[in-house]
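Counting convention: from 1, in listed order, for ligands and their atoms alike. What you see is a predicted model; the values in this text were computed from it and never measured.
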Amino acid sequence: MNGNICMVTGASSGIGKATALGLARMGATVVMVCRAQAKGDAVRAEIREKSGSETVDLVIADLSSQAAIRSLADEYRAKYEHLHVLVNNAGVYYTKRHVTVNGLEAMFAVNYLARFLLTNLLLDVLKKSAPARVINVAGAYHAKGKIDFDDLQGERGFDGQRANHQSKLADVLFTYELGRRLEGTGVTVNCLHPGMVATSLVDKDKDFPKLFKYLYRLSKPLMKSPAKGADTILYLASSPEVEGITGQYFVNKRVAQSSPESHDVQVAQRLWEVSAQLASLTTS
Ligand SMILES: NC(=O)c1ccc[n+]([C@@H]2O[C@H](COP(=O)([O-])OP(=O)(O)OC[C@H]3O[C@@H](n4cnc5c(N)ncnc54)[C@H](OP(=O)(O)O)[C@@H]3O)[C@@H](O)[C@H]2O)c1
C-alpha cells in the first residue's frame, strides 16, 4: 500500500480504528476522520506508535452535519491531490430518535447520507487516482431493512432497530447504484458485513435498555475483535484479488448474497434522487 492514500471515517474506535492501524501497518498514508479532537489526537498517536508510520493524518469532522462534510472534502482536496481508498465506516446506533443539525434522523444521516455526500464530493479525486476503491461498512442487518419513502426520517412511530436496518440497507443500495454509475472509471465500490464485532457502538447509546447492554457486554468475548472485524475491509482495500471487482457485498472476504430488496434498481435510483435532494447535491 506504499504510495496509497486512504481515508477512514470513524477511525477513533472499534472497526475504524483497527482499519486505520492495519492500513498504516501496510505502509499507506492514512487520513483518519474523527469527530472529537482530543480522542482523535490520542488514537492517531497510538496508531503512529504501533505502526511505526509517520504518515497518519487526522481531520476533524462531525459527519452528522452536512456543512462539516463539505468542509472535510474541501480540507482534504486542499491538502491531497489523490485518494486511492475511501472507507466509509463511521456509524451510530440510537434507541430513541435523534435529529441532526440538518433536521434528519441521525442514523439515516450518519450511517448512510454522510457516506453518500462525502463520496460524491470526493468522486473527482477518486477518479483522478484510479484505480481507486470505495468501501462501505454496511452490515447483515440490512436484510431486515426496508426503505420507507413515506417516512424516511422516522417521524411517525420511531423504532431504533428499524431505522438502523433501513440505514444499512441504504448503504448496500448506494453501493450497487454507485457501482453502476462508476462503471469504466477505474473506481470500484463494494460493501461488507464485518461480523458481530465487540465494539462500543451500543454502549454509546444512553437509551439502550440496561438489561440488553448487560447481556451485550456478557457476549462480547464470543464476538470478533475489532482487528478481526477489520479483516474484510483491509482485504477490499489492498488485495489484488478484488482489483476491478465492483458493486458487491462481502462477508469474510468472499462475495455474499445480499437481500432481494438491496437489488431493487428502482428503489436504488429513487433513493439516490431523494438523497441528492436531502444533501443539496447535483449528481450526474
Ligand atoms: N460492531 C458490529 O458488530 C457491527 C456489525 C455490523 C456493522 N457494523 C458497522 O461498523 C461501523 C463501525 O462501528 P463499530 O462497531 O466499530 O462502532 P464504534 O466503535 O462505535 O465506532 C463508530 C465510529 O464512528 C464514529 N462516529 C460516530 N458518529 C460520528 C459522527 N457524527 N461524526 C464522525 N464520526 C462519528 C465514532 O466516533 P466516536 O469514537 O467519537 O464515538 C467511531 O469512531 C458502523 O458503521 C457499524 O454500523 C458494526
For atom 40 (O) of ligand 1, find the nearest protein heavy atom and state the residue, atom name and distance (0.1 Å precision). Arg35 NE, 3.0 Å
Relative to atom 23 (C) of ligand 1, which among Gly10, Ala36, Ala11 owns the nearest non-hydrogen atom? Gly10
Using a strict 4.0 Å cut-off to heavy atoms of Arg115, name the atoms of ligand 1 that fall inside it. 45 (O)
Min N/O separation Leu63 to ligand 1 under 3.5 Å: yes
Taking atom 37 (O) of ligand 1 as the point of reference, which of Ser65, Ser12, Ser64 owns the nearest heavy atom? Ser12
Taking side-chain contact (heavy atoms from CB on, under 4.5 Å) as the criterion, tell me which of Val33, Thr19, Val110 meets it with Thr9. Val33
Closest non-hydrogen atom pair, His263 against Ser259: CD2-O, 3.3 Å
How about Tyr216 and Phe212: are their ring centres within less than 6.0 Å of each other? no
Take atom CZ of Phe208 as the centre, draw a 6.0 Å sphere, and report whether it contains more than 12 heavy atoms from other residues, nucleotides or ligands. yes
Given side chains that start at C-beta, do those of Glu261 and Leu169 come closer than 4.5 Å, heavy atoms only? yes
Cationic tip of Arg270 above Phe149 ring, under 6.0 Å, 45° of axis: yes
As an exercise, identify every atom of ligand 1 less than 4.0 angstrom from a heavy atom of Met196. 3 (O)
Ligand-side contact atoms (ligand 1) for residue partner Gly14, heavy atom cut-off under 4.0 Å: 16 (O), 19 (O)
Taking atom types as modelled and ignoring hydrogens, do the side chains of Thr29 and Tyr80 form a donor-acceptor contact shorter than 3.5 angstrom? no
Please state which protein non-hydrogen atom is closest to atom 10 (O) of ligand 1 and give its distance, to 0.1 Å? Val137 CG1, 3.4 Å
Within 45 degrees of the axis of the six-membered ring of Trp272 and under 6.0 Å from its centre: does Arg180 put its NZ or CZ there? no
So, does Asn111 sit close enough to ligand 1 that a heavy atom of it is under 4.0 Å from the ligand? no
List every atom of ligand 1 that sits less than 4.0 Å from any heavy atom of Ile15, numbering the atoms from 1 in the order shown and giving each element. 10 (O), 15 (O), 16 (O), 48 (C)
When hydrophobic residues are tied together by side-chain contacts of less than 4.5 Å, even through go-betweens, does Leu21 share a cluster with Leu86? no
Could you walk me through whether Val137 and Asn88 pass the side chain to side chain contact (heavy atoms under 4.5 Å, CB included) check? CA-CA 6 Å; Val137 182; Asn88 286 310; over 6 Å; no
For atom 7 (C) of ligand 1, grab the closest protein heavy atom and report residue, atom and distance to one decimal in Å. Ala138 O, 3.1 Å
With heavy atoms of Val92 as the reference, note each atom of ligand 1 found under 4.0 Å away. 27 (C), 28 (N)
How about Glu46: does its CD atom have over 12 heavy atoms from other parts shown lying under 6.0 Å from it? yes
Return the residue, atom name and 0.1 Å-rounded distance of the protein heavy atom closest to atom 42 (C) of ligand 1. Ser13 OG, 3.3 Å
Nearest neighbour in protein (non-hydrogen) for atom 15 (O) of ligand 1: Thr199 OG1, 2.6 Å
Under 4.0 Å from a heavy atom of Asp62: give me the atoms of ligand 1 that qualify, with their elements. 30 (C), 31 (N), 32 (N)
For Asp205 and Lys213 the tightest heavy-atom approach is O-NZ, 2.9 Å
Could you find the nearest protein heavy atom to atom 12 (C) of ligand 1 and give me its residue, atom name and distance? Asn89 OD1, 3.2 Å
Apart from Tyr249 itself, what residues make up its hydrophobic cluster, given side-chain heavy atom links below 4.5 Å? Val172, Tyr176, Val251
Regarding atom 5 (C) of ligand 1: of the candidates Gly195, Ser200, Gly139, which has the closest heavy atom? Gly195
Contact between ligand 1 and Lys168 is defined here as a heavy atom of the residue under 4.0 Å from a ligand atom; is it met? yes
Give me the nearest non-hydrogen protein atom to atom 13 (O) of ligand 1 as residue plus atom name, then the distance to 0.1 Å. Leu201 CD1, 4.1 Å
Sub-4.0 Å heavy-atom approach of Ala61 to ligand 1: yes
If we number the atoms of ligand 1 from 1 as shown, the ones under 4.0 Å from a heavy atom of Lys204 are 18 (P), 19 (O), 20 (O), 21 (O), 36 (C), 38 (P), 39 (O), 41 (O), 42 (C)
Test of proximity, Val197 against ligand 1: N or O pairs below 3.5 Å: yes
So, 4.0 Å and heavy atoms of Pro194: is ligand 1 close enough to count as a contact? yes
Where is the tightest heavy-atom contact between Met107 and Ala163, given as atom of each residue plus distance? CE-CB, 3.9 Å
Counting only heavy atoms, tell me which of Ala20, Gly91, Ala90, Gly40 gets closest to atom 27 (C) of ligand 1. Gly91
With the threshold set at under 4.0 angstrom, would you say Cys34 reaches ligand 1 through any of its heavy atoms? no
